[in-house]
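The next block holds one structure in the form of structure tokens; read it before the comments.
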Amino acid sequence: MAGFDKVVSSYSEAMAGLKDGDTIIAGGFGLCGIPEGLITEIKRMQTKELTVVSNNCGVDDFGLGILLKDRQIKKIIASYVGENALFEQQLLDGIIDVELTPQGTLAEKMRAGGAGIPAFYTATGYGTPVAQGKEVKEFDGRPYILEESITGEFAIVKAWKADRYGNLVFRHTAMNFNPMAATAGKITVAEVEEIVEPGELEPSQIHTPGIYVNRVIKGDFEKRIERVTTRK
């Protein structure tokens with residue numbers, strides 16, 4: 001994108017440049033705050049051998065789960081297998097490589113990557129299989145493991161509002177992984193519910209500055225509920 005106006009009019013424009021073997025960092029938690037249309041565009045593109053970094057991989061027929069059916073994903077870095085039976089089966093069958101990562105560590109990997117920090121120490125995971133093969137160092141008598149940060153060719157996020165300059169506001173639980181993911185992509189694409197003109201967003205309410213965002217597209221969201229629970 002050239003200039004300040006980052007709005008694109010089609011999903012093909014939004015995901016232009018994605019190629020086989022790329023790493024995609026995706027915001028969202030379960031089916032909450034996920035960039036539904038961008039994921040559908042990746043499926044349409046049939047891009048293969050992808051590494052996907054996300055809290056989980058959607059469900060069988062929605063969210064990132066739709067990329068599993070045609071085996072577009074080679075590796076998943078996630079904290080939760082979730083309600084996705086196909087994800088579980090492909091993991092057990094050795095079709096995909098899965099790197100399970102503690103949830104807070106995964107969030108910090110994204111944030112650190114976006115901040116230009118190559119690695120950090122955390123006590124989380126020490127003494128478990130998560131720590132195997134990783135450097136250990138003691139601070140104040142407590143052991144910590146060294147975790148490398150994460151960046152990707154693309155970051156795809158879902159926001160509530162954006163202006164044409166790419167400044168983003170997230171709503172409620174969509175604040176989950178989206179702000180961290182938005183900083184960690186070489187190309188960050190935001191799918192949003194509403195696009196406003198520059199100056200309409202209160203500066204103190206902006207969660208992700210437009211400097212991190214390359215493309216903005218207005219989406220039409222289904223917002224499916226992962227597990228519907230009703231009162232009897």
Side-chain angles (χ1 to χ4, degrees), residues 22-36 38-40 42-43 49-114 120 122-134 145-152 154-159 170-185 191 221-229:
D22 277 354
T23 295
I24 299 172
I25 300 175
F29 185 105
L31 300 184
C32 174
I34 64 172
E36 301 170 18
L38 297 176
I39 295 169
T40 300
I42 296 169
K43 180 175 177 61
E49 297 291 304
L50 298 171
T51 295
V52 172
V53 183
S54 183
N55 178 68
N56 59 297
C57 202
V59 294
D60 294 274
D61 61 343
F62 197 69
L64 290 168
I66 65 174
L67 304 181
L68 293 171
K69 184 176 181 182
D70 296 329
R71 298 188 180 179
Q72 292 177 255
I73 299 176
K74 175 186 69 174
K75 180 178 180 180
I76 299 174
I77 301 174
S79 70
Y80 178 54
V81 175
E83 306 293 329
N84 194 321
L86 183 57
F87 183 9
E88 179 185 10
Q89 193 58 54
Q90 289 190 1
L91 167 61
L92 295 174
D93 292 344
I95 294 172
I96 55 174
D97 182 16
V98 178
E99 184 178 319
L100 290 175
T101 304
Q103 204 164 68
T105 301
L106 183 61
E108 180 60 13
K109 279 173 172 279
M110 296 179 188
R111 192 206 66 80
F120 57 92
T122 176
T124 304
Y126 176 76
T128 75
V130 168
Q132 290 180 1
K134 296 176 181 176
I145 59 175
L146 184 67
E147 292 281 5
E148 295 185 6
S149 61
I150 292 177
T151 57
F154 272 78
I156 56 173
V157 300
K158 190 265 179 180
F170 302 101
R171 190 166 186 263
H172 299 322
T173 50
M175 281 288 288
N176 46 57
F177 282 88
N178 279 301
M180 290 77 77
T183 67
E191 186 177 13
F221 299 94
E222 181 181 342
K223 295 186 179 180
R224 191 183 302 188
I225 298 172
E226 187 167 352
R227 184 183 288 272
V228 178
T229 303

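From a predicted model like this one, the values you see are computed outputs, not experimental measurements.
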Working for side chain to side chain contact (heavy atoms under 4.5 Å, CB included), residues Phe87 and Ile96 = CA-CA 8 Å; Phe87 183 9; Ile96 55 174; 3.5 Å; yes
Go through it in stages, so that I can follow the logic: the residues are Ile24 and Ile42, the test is side chain to side chain contact (heavy atoms under 4.5 Å, CB included), and I'd like the CA-CA distance, side-chain angles, deciding distance and then a yes or no.
CA-CA 10 Å; Ile24 299 172; Ile42 296 169; 3.7 Å; yes
Could you please spell out the steps behind the side chain to side chain contact (heavy atoms under 4.5 Å, CB included) verdict for Lys74 and Thr51? CA-CA 6 Å; Lys74 175 186 69 174; Thr51 295; 4.1 Å; yes
Take Ile34 and Ser54 through the test side chain to side chain contact (heavy atoms under 4.5 Å, CB included) and record every step on the way to the result. CA-CA 10 Å; Ile34 64 172; Ser54 183; over 6 Å; no
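Across every non-hydrogen atom of Pro102 and Ser79, the tightest pair is C-CB, 4.2 Å. Considering every non-hydrogen atom in both Ile25 and Thr151, the closest pair reads CD1-C, 3.6 Å. Scanning both residues, Ala181 and Ala155, for their nearest heavy atoms gives O-CB, 3.2 Å. Scanning both residues, Pro35 and Gly27, for their nearest heavy atoms gives CD-O, 3.7 Å. For the pair Leu68 and Gln90, the tightest heavy-atom approach, listed with the atom from each and the gap, is O-NE2, 2.9 Å. Scanning all heavy atoms of the two residues, the minimum distance from Gly125 to Ala131 falls at O-CB, 3.5 Å.
With hydrogens and angles disregarded, a donor-acceptor distance shorter than 3.5 Å links the side chain of Glu191 to the backbone of Glu36. With hydrogens and angles ignored, the 3.5 Å screen pairs no side-chain donor or acceptor of Asn178 with any backbone N or O of Val157. With hydrogens and angles disregarded, no donor-acceptor distance shorter than 3.5 Å links the side chain of Asn55 to the backbone of Phe177. In this structure a side-chain-to-backbone donor-acceptor pair under 3.5 Å is present from Asn176 to Thr173.
Going from atom CD of Glu99 over to atom CD1 of Ile77 covers 4.5 Å, rounded to the nearest 0.5 Å. Here Glu108 contributes atom CD and Gln103 contributes atom CD; the two are 14.0 Å apart, rounded to the nearest 0.5 Å. Distance check: Ile145 CD1 to Lys134 NZ gives 5.0 Å after rounding to the nearest 0.5 Å. From Thr105, atom OG1 reaches atom CD1 of Ile150 across 10.0 Å, with rounding to the nearest 0.5 Å. A distance of 4.0 Å separates CD1 of Ile66 from OG1 of Thr40, quoted to the nearest 0.5 Å. Expressed to the nearest 0.5 Å, how far OG1 of Thr23 lies from NZ of Lys75 amounts to 8.5 Å.
Lys69 is linked by a side-chain hydrogen bond (donor to acceptor under 3.5 Å, both in side chains) to nothing, counting only residues two or more places apart in sequence or in another chain. Under the rule for a salt bridge (charged side-chain N to carboxylate O under 4.0 Å, His left out), Arg71 has no partner lying at least two apart in sequence or in another chain.
For the pair Leu106 and Val53, the minimum side-chain heavy-atom distance is below 4.5 Å. In this structure, Cys57 and Ile73 have side chains that are in contact, with non-hydrogen atoms separated by less than 4.5 Å. Contact check for Val130 versus Glu147: side-chain heavy atoms found under the 4.5 Å cut-off. Looking only at side-chain heavy atoms (C-beta outward), Lys158 and Phe170 stay at 4.5 Å or farther from each other.
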